[in-house]
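Just so it is clear: chains get the letters A, B, ... in the order the sequence lines come, proteins before strands, and each one is counted from 1.
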Amino acid sequence: MSNNPERLSFISGIGRSASGRRLGRTAMDLTLEAALEAIEDAGLKREDIDGIATYPGGDAIASRGFGGPSGQQVQDALRLDLNYIYGSGEGAAQLGAMIEATMAIASGLAKHVLVFRTVTESTMQGMKGRNPGQGMQAASGFMEFLAPFGAISATNWFAQVAQLHMHKYGTTREQLAQIALTCRTNAGANPRAVYRDPLTMDDYLNARMISTPLCLLDCDVPVDGSTAVVISHVDYAKDAPKIPVHVNAVGSAQYGRPSWDQYEDMTSMMAQGVAKQMWSRTDLKPADVDVAELYDGFSIITLAWIEALGFCAQGEGGAFIEGGQRIARTGDLPINTHGGQLSEGRLHGFGHVYEAAAQLRGEAGERQIPDAEVIVAANGGGPIAGAMLLTRGISS
Amino acid sequence: MSLDLDILTVRIPPQDNPECEFFWQSGADGKLRFKCCQDCGYFSHPPTPRCPKCLSTKVAPEAVSGKGTVLSFTVNVQQWIPGQAPYMIALVTMDEQPDLRLTALLVGVALDSAPGDVIGSRVETRFLSRDGIYYPTFVPEGSPA
Ligand SMILES: [Zn+2]
């Protein structure tokens, strides 16, 4: 099992741009800021970078700030010669770009891969409004059988998951609230978080509904920002200036129908297969995990990851997070120690990985979890899912 | 009094797609249709050119009862489009097959209904005709025609 190819890789550098609401800066500007920080953090020069991977690739304007510059645009802006390039929105969620990077390294295609994810959704929404269906002339692709029925927002799609979870398992809004409350508490210890003021249960229960049973505080906050990591071959670990963050196992599986409304178990999501595959590639167990950085585009996604990753049984997530003590920074399974996307802002998956690496290195400041050695980072919701198990230092 | 199915301020139409045209035209005679395999009888949605179960190419639109059971639902409150009143979206399991599901608007159910009264409830299909497209819309079973 120790021969898993992903173990030939480690995160050598992390970087991030300024992040926040309506920065008014271009996606490329933010991307280069994050990328150069990550390269320097890795102890490398830009000419050492011989691979680029990104999610989703493509053009930020056309996608209303959802996508940053393409890999080639960044390659050109940095005048790099590359042995490997990848950009797709169809891999193992946002993390797919990182998983691809580990495989490029394992196969010998590249030695140091710059992986980035950039969003300018806040600025774009400021310019063009928040209606997710705006400008859509006709519904195509996965929207073809959703948008014509008024299901135009991801909130609608996840709301149905939450509703069924509550109905089938007795999960309550008060239980689900603990995801939002925990994230907010953690954001209070993160100077880069957008929302840092304390949040109470009353605040949550009185927040306006978006799509029942999900209220405003179940939804993450769009921001502008770029996050970058450098993933390097383990041969470089001895020369790297920072504590290596080793890739212990990855999960990229897609089991069942990749669909927002046709997945068999609508109380869960693709996370189930990803978790199963990831655990099959390591001797580590859920009980070995010190911290979980779990995607929280919507609170229900985090709950689904907790169950899928086996921290509790399917359907028992509500009871597991009840009261919030267990998932607090002082609890058995701290989650989203940076405040998650619910409170730090939607860096779209990469924020969770950045935080995981910072925690494993002991660089998380006021919110540092003592002796964090094993962290799972999971990205995506619905039919989109990917996960990585990361450890402090290179393990055999 | 018949139910008003025209509850969206803005309807985003489906793209032109030969594969799915039958679905959006199906309501012309008041019937809901899905692709059905002529070899193994398996219904599938969204439509594809081969049966996803046995891979037969003999798949053809076939009328179903339009009746089903609500698996889950949500009441959209946020005004993504200014002025839009709250509305209910439901995910319905059709009677013909346990894994034959359709998401559509559910009209005629009180928006403040207890979730337990909506999930598991029986619905049937009506159609809203707009610009040559027949949008399937769920209503409680037995609603006035
Ligand atoms: Zn068949």
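Interface remark: B/P86 contributes no atoms to any contact with chain A (heavy atom separation under 4.5 Å). Neither the backbone nor the side chain of A/F158 comes within contact range of chain B; no heavy atom of the residue lies under 4.5 Å from a heavy atom of that chain. Of the two parts of B/R11, only the side chain, counted from C-beta on, holds a non-hydrogen atom closer than 4.5 Å to a non-hydrogen atom of chain A. Both the backbone and the side chain of A/L164 have a heavy atom closer than 4.5 Å to some heavy atom of chain B. For A/S259, no part sits under 4.5 Å from any heavy atom of chain B, backbone or side chain. In this structure, chain A has a heavy atom under 4.5 Å from the side chain of B/Y87, while its backbone stays farther away. Of the two parts of B/L71, the backbone and the side chain both hold a non-hydrogen atom closer than 4.5 Å to a non-hydrogen atom of chain A. Only the side chain of B/L8 comes within contact range of chain A, with at least one heavy atom under 4.5 Å from a heavy atom of that chain.
By number of non-hydrogen pairs under 4.5 angstrom with chain A, the leading residue of B/V10, B/N17, B/L91 is B/L91. When each of A/A151, A/S153, A/G141 is scored by its heavy-atom pairs under 4.5 Å with chain B, the top score falls to A/S153. Contact count versus chain B (heavy atoms, under 4.5 Å) is highest, among A/N156, A/T155, A/L146, for A/N156. Contacts with chain A were tallied for B/T137, B/L105, B/I119, B/L128; B/I119 has the most, counting heavy-atom pairs under 4.5 Å.
Atoms CD and CD1, on B/Q78 and A/I152 in that order, are 9.5 Å from each other to the nearest 0.5 Å. Note that CE of A/M143 and CD1 of B/I12 are 6.0 Å apart. Values are rounded to the nearest 0.5 Å.
Listed for the B/Q15 side chain is no donor-acceptor partner under 3.5 Å among the backbone atoms of A/A138. Looking at A/Q163, its side chain never comes within 3.5 Å of a backbone N or O of B/P115 through a donor-acceptor pair. With hydrogens and angles disregarded, no donor-acceptor distance shorter than 3.5 Å links the side chain of B/Y135 to the backbone of A/F149.
The number of heavy-atom neighbours closer than 6.0 Å to CG of B/D4, taken from other residues, nucleotides and ligands shown, is above 12. Under a cut-off of 6.0 angstrom, the local environment of CD in B/Q79 is crowded, with over 12 non-hydrogen atoms contributed by other residues, nucleotides or ligands.
Here the closest non-hydrogen pair linking A/A159 and B/T74 is CB-OG1, 3.2 Å. Here the shortest heavy-atom pairing between A/P148 and B/P13 reads CG-C, 4.3 Å.
Residues A/R208 and B/V77 form no side-chain contact, since every pair of their non-hydrogen atoms from C-beta on lies 4.5 Å or further apart. For the pair B/W80 and A/I210, the minimum side-chain heavy-atom distance is below 4.5 Å. The shortest side-chain heavy-atom distance between A/M266 and B/S72 does not fall under the 4.5 Å cut-off. A/E264 is not listed as a side-chain neighbour of B/D99, based on a closest heavy-atom distance of 4.5 Å or more.
Using a 4.5 Å heavy-atom cut-off against chain A, the contacting residues of residues 18-54 of chain B are B/C20, B/F23, B/W24, B/H45, B/P46, B/P47.
A/D261 and B/T103 are linked by a side-chain donor-acceptor pair at a separation below 3.5 angstrom, with hydrogens and angles left out of the test.
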